[in-house]
Amino acid sequence: MAEWVSALAALGALVAAVFAGIAAWRLYKIEDDRELQAQARQVSAWISVKLDGENAPYGIEFTNGSLAPVYDVTVLANDSNGVRQDKLDLTVLPPGRYFAEKIKASYHWAYPDPVEEVGYPLRPVAKSTKWRVEQLTFRDSANVAWTRDAAGVLTRR
């Protein structure tokens with residue numbers, strides 16, 4: 001009888017150890033995903049209007065709140081009528097906040113300037129469902145590719 005009790009206790013300990021191992025693996029995965037996303041969560045883009053007192057040109061405002069640059073940045077944005085604009089491609093986006101104005105030239109977008117050097121206040125377009133960044137893609141410093149959609153959802157590509 002004592003052997004049966006001992007065998008059941010050992011089996012119960014084995015089952016508990018398996019469940020503990022599964023729980024530990026799940027927690028490890030959550031923490032690993034969180035660490036993997038640490039830089040990517042700090043990168044975003046939106047439409048802003050430059051309040052220059054004349055024609056209020058618009059552009060794309062970027063932020064890279066991490067301490068490392070991101071690479072191969074592509075932004076797909078719509079204008080105030082919901083019409084898709086030419087994409088904006090950047091080889092690198094250093095840490096900081098930048099504004100790339102929409103221009104009428106062959107490249108379609110001015111080079112991004114640091115926000116503090118724009119010379120005019122920027123107002124984010126926050127109430128339009130048409131006039132917005134539809135997609136932001138980039139590669140982080142760990143060479144992981146990411147996409148942020150119009151709703152701000154970040155996914156690994």
Engineer: Please report the closest heavy-atom contact between T147 and R157, naming both atoms and the distance.
Structural biologist: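 Distance-wise, the nearest heavy atoms are OG1-CD, 2.7 Å.
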
Engineer: Say whether, by atom type as modelled, one donor and one acceptor occur between the side chain of D149 and the main chain of A151 under 3.5 angstrom.
Structural biologist: yes

Engineer: So which heavy atom on L136 is nearest to which on A45, and how close?
Structural biologist: CD2-N, 3.9 Å

Engineer: Just do the side-chain contact (heavy atoms from CB on, under 4.5 Å) check on W109 and K102 with the steps written out, would you?
Structural biologist: CA-CA 5 Å; W109 298 97; K102 178 72 171 144; 3.7 Å; yes

Engineer: Do L90 and F62 have side-chain heavy atoms sitting under 4.5 Å apart?
Structural biologist: yes

Engineer: Provide the closest heavy-atom pair for A100 versus A110 in the form atom of the first, atom of the second, distance.
Structural biologist: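 Taking A100 first and A110 second, the nearest heavy atoms are CB-O, 3.6 Å.
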
Engineer: Please say whether more than 12 non-hydrogen atoms of neighbouring residues, nucleotides or ligands are located less than 6.0 Å from CG in L11.
Structural biologist: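 Yes, enclosed.
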
Engineer: Report yes if the side chains of T63 and W46 come closer than 4.5 Å at any heavy-atom pair, otherwise no.
Structural biologist: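 Yes, at least one pair of side-chain atoms sits under 4.5 Å.
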
Engineer: Distance from D86 atom CG to L76 atom CG, nearest 0.5 Å?
Structural biologist: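 Output value for this atom pair is 10.5 Å.
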
Engineer: Work out which heavy atom in R41 is nearest to a heavy atom in L154; give both atom names and the distance.
Structural biologist: N-CD2, 3.8 Å

Engineer: Heavy-atom count check: over 12 atoms from other residues, nucleotides or ligands less than 6.0 Å from E116 CD?
Structural biologist: yes

Engineer: How about R156 and W146: do any of their side-chain heavy atoms sit closer than 4.5 Å?
Structural biologist: yes

Engineer: Do I47 and L51 sit in one hydrophobic cluster, given that two such residues count as connected whenever their side-chain heavy atoms are within less than 4.5 Å of each other, even indirectly?
Structural biologist: yes

Engineer: Could you tell me which non-hydrogen atom of S128 sits nearest to which non-hydrogen atom of W131, and how far apart they are?
Structural biologist: OG-N, 2.9 Å

Engineer: Is there a side-chain contact between Q135 and R148, using heavy atoms and a 4.5 Å cut-off?
Structural biologist: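 No, too far: nothing below the 4.5 Å cut-off.
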
Engineer: Find out if a path of hydrophobic residues (ILVMFWY) with successive side-chain heavy-atom gaps under 4.5 Å connects V73 to V144.
Structural biologist: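 Yes, one cluster joins them.
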
Engineer: Please round to the nearest 0.5 Å and tell me the distance separating atom OG1 of T137 and atom NZ of K87.
Structural biologist: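 Those atoms lie 8.5 Å apart.
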
Engineer: Enter the distance from D89:CG to Y107:OH here, rounded to the nearest 0.5 Å.
Structural biologist: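 Here the interatomic distance stands at 5.5 Å.
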
Engineer: So, for V70 and N64, which heavy atoms are closest and what is the spacing to 0.1 Å?
Structural biologist: N-ND2, 3.7 Å

Engineer: Is the shortest heavy-atom distance from the side chain of F99 to the side chain of L122 under 4.5 Å?
Structural biologist: yes

Engineer: Check the pair Y98, E61 against side-chain contact (heavy atoms from CB on, under 4.5 Å), reporting the backbone distance first and the verdict last.
Structural biologist: CA-CA 6 Å; Y98 300 89; E61 193 171 343; over 6 Å; no

Engineer: Please check if any side-chain donor atom of Q39 sits under 3.5 Å from a side-chain acceptor atom of S66, or the reverse.
Structural biologist: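 Judged by distance alone, the side chains do pair up.
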
Engineer: By the definition side-chain hydrogen bond (donor to acceptor under 3.5 Å, both in side chains), identify the one residue from R84, K130, Q85, R132 that meets it with N78.
Structural biologist: R84

Engineer: Starting from the C-alpha separation in whole Å, work towards a yes-or-no answer on side-chain contact (heavy atoms from CB on, under 4.5 Å) for F138 and L93.
Structural biologist: CA-CA 9 Å; F138 60 93; L93 179 64; over 6 Å; no

